[in-house]
Amino acid sequence: AQSVTQPDIHITVSEGASLELRCNYSYGATPYLFWYVQSPGQGLQLLLKYFSGDTLVQGIKGFEAEFKRSQSSFNLRKPSVHWSDAAEYFCAVGPNQAGTALIFGKGTTLSVSS
Amino acid sequence: EPEVTQTPSHQVTQMGQEVILRCVPISNHLYFYWYRQILGQKVEFLVSFYNNEISEKSEIFDDQFSVERPDGSNFTLKIRSTKLEDSAMYFCASSDGLGLNEQFFGPGTRLTVL
């Protein structure tokens, strides 16, 4: 079955510390992977995406993610977290074809402490 | 920057009533989607729409649901007779259809069924 697992429901990180949010997927075909962020009252904003090529992808707001096929993972990282990064983060997978469904994980809530 | 908009932001209705959730996708996009997120659960795909037809739908999207593009800008989701379990955040999304599945999401409509 196709699925996305985000093992961490809630993470708290100190401002300035590094961050890694985990994402594992189960997908039969070549996956097209996404990370979205949702701030309170906002929609889902695309942080970055991966389909092929360099397995380390850069996104907006200083985020990056690394695709590891052998581990079926697509973890999100940021070297130094800012208080404004506090939000909910969703990993998603889907085919590289318009009009098709994305499969989302349950999300990880990030809190940033000062 | 163009964005997907949704109205209303919050809708409260009585069980058994019909509701229509409205979305204005990004203007040059060709594919439109509805997803929902029940509180504490995953974002789930409902339906995708292209060229005035449903492209794909999930098991959730039963006869109670319908979608329509009534004019050149709006995309609506109708729930004919709401149930308590329809209470959720409903997200609209759109994509440009240039062979990629990058979906841009709106801020969501929170539907509460009493």
Side-chain angles (χ1 to χ4, degrees), chain A residues 1-10 21 23-27 29-53 57 59-61 65 74 87-109, chain B residues 1-7 9-10 23-26 28-61 67 89-110:
Chain A
Q2 300 170 346
S3 65
V4 174
T5 302
Q6 294 180 247
D8 304 304
I9 297 172
H10 191 180
L21 302 182
C23 172
N24 293 96
Y25 65 90
S26 172
Y27 197 73
T30 302
Y32 191 21
L33 293 153
F34 305 83
W35 274 99
Y36 285 88
V37 61
Q38 184 182 29
S39 299
Q42 304 295 312
L44 297 166
Q45 181 183 21
L46 180 67
L47 282 176
L48 46 76
K49 60 187 184 285
Y50 173 80
F51 179 65
S52 64
V57 292
I60 62 171
K61 305 186 181 188
F74 188 57
E88 187 153 22
Y89 291 80
F90 295 92
C91 181
V93 66
N96 185 21
Q97 181 182 343
T100 53
L102 296 183
I103 299 164
F104 282 82
K106 277 194 173 185
T108 298
T109 300
Chain B
E1 187 174 328
E3 58 183 17
V4 176
T5 59
Q6 291 184 242
T7 55
S9 57
H10 192 185
C23 168
V24 179
I26 295 173
N28 62 340
H29 283 188
L30 302 176
Y31 290 83
F32 315 114
Y33 312 80
W34 284 102
Y35 290 80
R36 78 172 185 192
Q37 184 183 29
I38 295 172
L39 191 63
Q41 298 188 24
K42 298 183 180 189
V43 175
E44 301 172 292
F45 170 78
L46 294 178
V47 65
S48 61
F49 191 84
Y50 170 72
N51 199 26
N52 283 319
E53 290 184 350
I54 290 175
S55 302
E56 184 179 340
K57 61 181 181 178
S58 70
E59 291 176 353
I60 303 167
F61 193 86
V67 288
M89 180 74 89
Y90 287 81
F91 293 105
C92 174
S94 67
S95 64
D96 60 16
L98 298 177
L100 299 178
N101 204 7
E102 184 174 337
Q103 298 176 20
F104 294 82
F105 284 78
T109 292
R110 179 162 296 286

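Within every chain, numbering begins at 1; the chains are lettered A, B, ... in the order of the sequence lines, protein sequences first and strands thereafter.
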Report the distance from atom [atom1] of [X] to atom [atom2] of [Y], rounding to the nearest 0.5 Å.
| X | Y | atom1 | atom2 | result |
| --- | --- | --- | --- | --- |
| A/Tyr36 | B/Phe91 | OH | CZ | 11.5 Å |
| B/Phe105 | A/Gln45 | CZ | CD | 12.5 Å |
| B/Asn101 | A/Phe34 | CG | CZ | 5.5 Å |

Closest approach of B/Gln103 to A/Leu102 (non-hydrogen atoms, all atoms of both residues) = NE2-CG, 3.7 Å
Closest non-hydrogen atoms of B/Glu102 and A/Tyr32, given as atom of the first, atom of the second and distance, are N-CE2, 4.3 Å
Among residues 45-59 of chain B, which residues come closer than 4.5 Å to chain A, judged by heavy atom distances?
-> B/Phe45, B/Ser48, B/Ser55, B/Glu56
Quick one: which residues of residues 29-39 of chain B reach chain A at under 4.5 angstrom, heavy atoms only?
->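 Within residues 29-39 of chain B, near chain A: B/Tyr31, B/Tyr33, B/Tyr35, B/Gln37.
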Could you tell me whether B/Lys42 atom NZ has more than 12 heavy atoms of other residues or ligands within 6.0 Å of it?
->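 Yes, because the 6.0 Å sphere around NZ of B/Lys42 holds more than 12 heavy atoms from other groups.
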Considering only heavy atoms, which portion of A/Leu46 lies under 4.5 Å from any heavy atom of chain B: side chain, backbone, both, or neither?
->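 The answer is the side chain of A/Leu46.
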Answer with side chain, backbone, both or neither: which region of A/Phe90 has an atom nearer than 4.5 Å to a non-hydrogen atom of chain B?
->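 Contact with chain B is through the side chain of A/Phe90 alone.
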Looking at A/Gly107, A/Gly99, A/Ala92, which one has more heavy-atom pairs under 4.5 Å with chain B than the rest?
-> A/Gly99
